[in-house]
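Below, read A as the first sequence line, B as the second, and so on, with proteins coming before strands; counting in each chain starts at 1. Bear in mind that the values here come from a model prediction, so they are computed numbers and not experimental data.
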2 protein chains.
Amino acid sequence: MTMRDVAKEAGVALSTVSHFLNGTAPVAPETRKKILEAIERLNYRPDFTARNLKRQKTSALGLFIPDVTNPFYAELAQGVTDVAQGAGYSVILYATSYKEKLEESFVSLVEQHQVDGVVIAYSFIAERLWGRLASSGVPAVLVDVYPTNDLWPSVVVDNEKGVEKALRYLVSLGHTDIGYLSEPPYVLSLVKRQRAFLSFMKRKGLPLRDEWVLVEKTQRNRVEIGFTLGKKLLKEKKRPTAVVASSDLVAVGALKAFLSSGVRVPEDISVVGFDDILLASYVHPSLTTVRQPKYEMGRTGVEFLLQFLQGKNDCPPLTLIEPVLVERDSCQGRG
Amino acid sequence: MTMRDVAKEAGVALSTVSHFLNGTAPVAPETRKKILEAIERLNYRPDFTARNLKRQKTSALGLFIPDVTNPFYAELAQGVTDVAQGAGYSVILYATSYKEKLEESFVSLVEQHQVDGVVIAYSFIAERLWGRLASSGVPAVLVDVYPTNDLWPSVVVDNEKGVEKALRYLVSLGHTDIGYLSEPPYVLSLVKRQRAFLSFMKRKGLPLRDEWVLVEKTQRNRVEIGFTLGKKLLKEKKRPTAVVASSDLVAVGALKAFLSSGVRVPEDISVVGFDDILLASYVHPSLTTVRQPKYEMGRTGVEFLLQFLQGKNDCPPLTLIEPVLVERDSCQGRG
DNA sequence: TTGAAAGCGCTAACAG
DNA sequence: CTGTTAGCGCTTTCAA
């Protein structure tokens, strides 16, 4: 069933049907009725592929993330799909599980113009792919990734401020002996969090012990990392009274390590995470954490992208989203 | 840069370039070289939309789920994207958050042939949409949804067997007083789980008390449901020594309810969940649960779909995936 | 082995 | 307001 069939059935010209369907020209009431009836009779639906070819667009946006299974990216994805769909775009999900081969094929996807634009919440393993993406000319926006060039705007949480909020909170609770547990800082965000921790402690004249700043070297399950690091911390003769973790998953791992060693949280040690994934409120005790507004970051990302696609090219190169400290039950005052 | 440009640049015919690119006819070595050079020089990439129009397909599959943020669907989605991408299809993600309006627009998407096929892991609010989907003629497969017609195959976990495995395990541990906590049974799977529980208890002559079978009426956050139901259970003068929950989220809520009331798990009460989402292993104590192989279910679903798209139309109407009991730390023996 | 030509289903001038 | 027509970029006969 093509538009041609509808036109024939309705006894009007092809273009009239098109105009009617697109509202691109006024159509007489009777003609309109005839067309409507024909469409109904033939159960006609316009073909998007043809429309896209003609309009030179795909009505699809790409979303590039490492892993949907990671609640952080899942929430981001929801933000992205919600606004994209609202604007009439479908979103093509590309989750690579950090496999180089899939990175490659995602880049091909955009090079072949299968998408009108792309939200990238991913740091490539293969550096050279950035270049191919750039030269494809497809508009992109980075989310949770710091700027890599001056082509694409970037939306990230203010990592420094987030860590400071956590630390200020712990200090206000009377803590001075504070540790830091981190997964391998393989992206800039994690580096910034660690630096912010160090800098705050130094600035405030708080004790800064090497044995309290535990940074994992090898990439593996982050809850396990937290668990290992938590156990390690427990082995020190002098323990900190609070720890901040580089992410909620690490925090949850540490929580498990503490609880399973009979160390009570928050009575014996306070814990604060980073991200505020759903999990944070589900564990016991529920986790006090620095919330990254992931959904909003996703939203903002696509909104920029949509603006760009509409020719408005004036979004800021770097947007810092304000993190929020979410107080739950894993912290307690001292003295 | 179109294929025409490449042909001109290489000094050959348009169709020769096409043949070369698709391997659909042999091409002389020199011609081949000229074409390759031209492609290189012009940085040409074939346009997918045009190809799709010609081939009358979209190379895209739709994935319809309520919510990516729900770890169950996230894992399923990963299974789907992994195999779809492997087969050269992109996947369009459609997450509705149970909004009728979005259901509607997803159905339009398939009616307009924006996808070659669709994996549906969703039960519509608006019943009539099933009909529209069916009459669109687009191949579909149901995952985690029981068959609705004889057009589409369905892949679900064997819910009855799952509950039985949980119960058998608890009984083997010496439990006889067992409760059941459930979210509102708004889909068949949940109904089946509840029935399986009831039927097992009756069959084995185990005590079946109304106050121990708590089924929430209103739809809301499932962890909260578990929490409420857990607290309610604690109010009974005689408590069960074990509970099985309709899902991990409910189980986690119950866990929180117990722990925060000073009831120890598993010492005072054993808990088993259903699903085995990541969360299950992250809480403390980690949750013993009935694993639904979600990733595999997603895989299987698309595999069926791909088979269908290749004309092989012989997949079973109903595939029951075997659930697996995952023993962790939330259960303990009695007597 | 290569090339000319006819569309795929739709949009958008343009003319009437 | 309605109709004619020329493509969008590619695939695929069919003939040379």
Measure the distance from [atom1] on [X] to [atom2] on [N] and round it to the nearest whole Å.
X       : N      : atom1 : atom2 : result
A:Lys8  : C:dC10 : NZ    : P     : 13 Å
B:Met3  : C:dA5  : CE    : P     : 16 Å
A:Leu14 : D:dA6  : CG    : P     : 14 Å
A:Arg4  : D:dT5  : CZ    : P     : 12 Å
A:Asp47 : C:dT11 : CG    : C1'   : 13 Å

Let's go through B:Glu303 and B:Arg299 carefully: what are the C-alpha distance in whole Å and the side-chain angles of both, what is the deciding distance for salt bridge (charged side-chain N to carboxylate O under 4.0 Å, His left out) to 0.1 Å, and is it a yes or a no? CA-CA 6 Å; B:Glu303 274 159 10; B:Arg299 281 190 71 89; 3.2 Å; yes
Heavy-atom pair of closest approach, residues B:Asp275 and B:Lys294: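 What the structure gives for the nearest pair is O-NZ, 2.7 Å.
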Does B:Arg45 CZ have over 12 foreign heavy atoms under 6.0 Å away?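 Yes, enclosed.
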Just checking B:Glu40: does its CD atom have more than 12 heavy atoms from other residues, nucleotides or ligands closer to it than 6.0 angstrom?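 Atom CD in B:Glu40 is not packed in, count stays at 12 or less.
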Specify the residues of residues 19-44 of chain B, ordered by number, for which at least one heavy atom lies under 4.0 angstrom from an atom of DNA chain D.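 Only B:His19, B:Asn22, B:Tyr44 qualify.
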Mind listing the residues from residues 48-56 of chain A sitting with a heavy atom below 4.0 Å of DNA chain D? Number order is fine.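 Heavy-atom cutoff 4.0 Å gives A:Leu53, A:Lys54, A:Gln56.
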Tell me whether [X] contacts the main-chain N or O of [Y] through its side chain, where contact means a donor paired with an acceptor under 3.5 Å.
X        : Y        : answer
B:Thr58  : B:Asp116 : yes
B:Glu103 : B:Ala126 : yes
B:Ser154 : B:Val145 : yes
B:Glu9   : B:Arg41  : no
A:Asp144 : A:Val156 : no

List the steps, then state whether salt bridge (charged side-chain N to carboxylate O under 4.0 Å, His left out) holds for A:Lys34 with A:Glu30. CA-CA 6 Å; A:Lys34 282 191 292 184; A:Glu30 331 169 19; 5.9 Å; no
Proximity to the side chain of A:Pro46 - top-ranked nucleotide from C:dA4, C:dC10, D:dG3: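 The listed nucleotide nearest to A:Pro46's side chain is C:dC10.
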Of A:Met1 and B:Gly11, whose closest DNA chain C nucleotide lies nearer the 5' terminus?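 The residue whose closest nucleotide sits nearer the 5' end is B:Gly11.
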If you take atom types as modelled and just measure distance, does the side chain of B:Ser15 reach the base of C:dA4 with a donor-acceptor pair under 3.5 Å?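 A donor-acceptor contact between them is present.
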Look at A:Arg128 together with A:Glu104 and state whether they make a salt bridge at an N to O cut-off of under 4.0 Å.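 Yes, charged N to carboxylate O under 4.0 Å.
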Any side-chain N or O of A:Ser18 less than 4.0 Å from the OP1 or OP2 oxygen of C:dT11?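 Checking C:dT11 against A:Ser18, a side-chain N or O does come within under 4.0 Å of OP1 or OP2.
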Taking only side-chain N and O atoms of A:Thr16, does any of them lie within less than 4.0 angstrom of OP1 or OP2 on D:dG3?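 For A:Thr16, the contact criterion (side-chain N or O under 4.0 Å from OP1 or OP2 of D:dG3) is met.
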How large an angle, rounded to 10°, do the end axes of the helix from C:dT1-D:dA16 to C:dG16-D:dC1 enclose when each is built from five base pairs?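 The end-segment axes of the helix from C:dT1-D:dA16 to C:dG16-D:dC1 are tilted 40° relative to each other.
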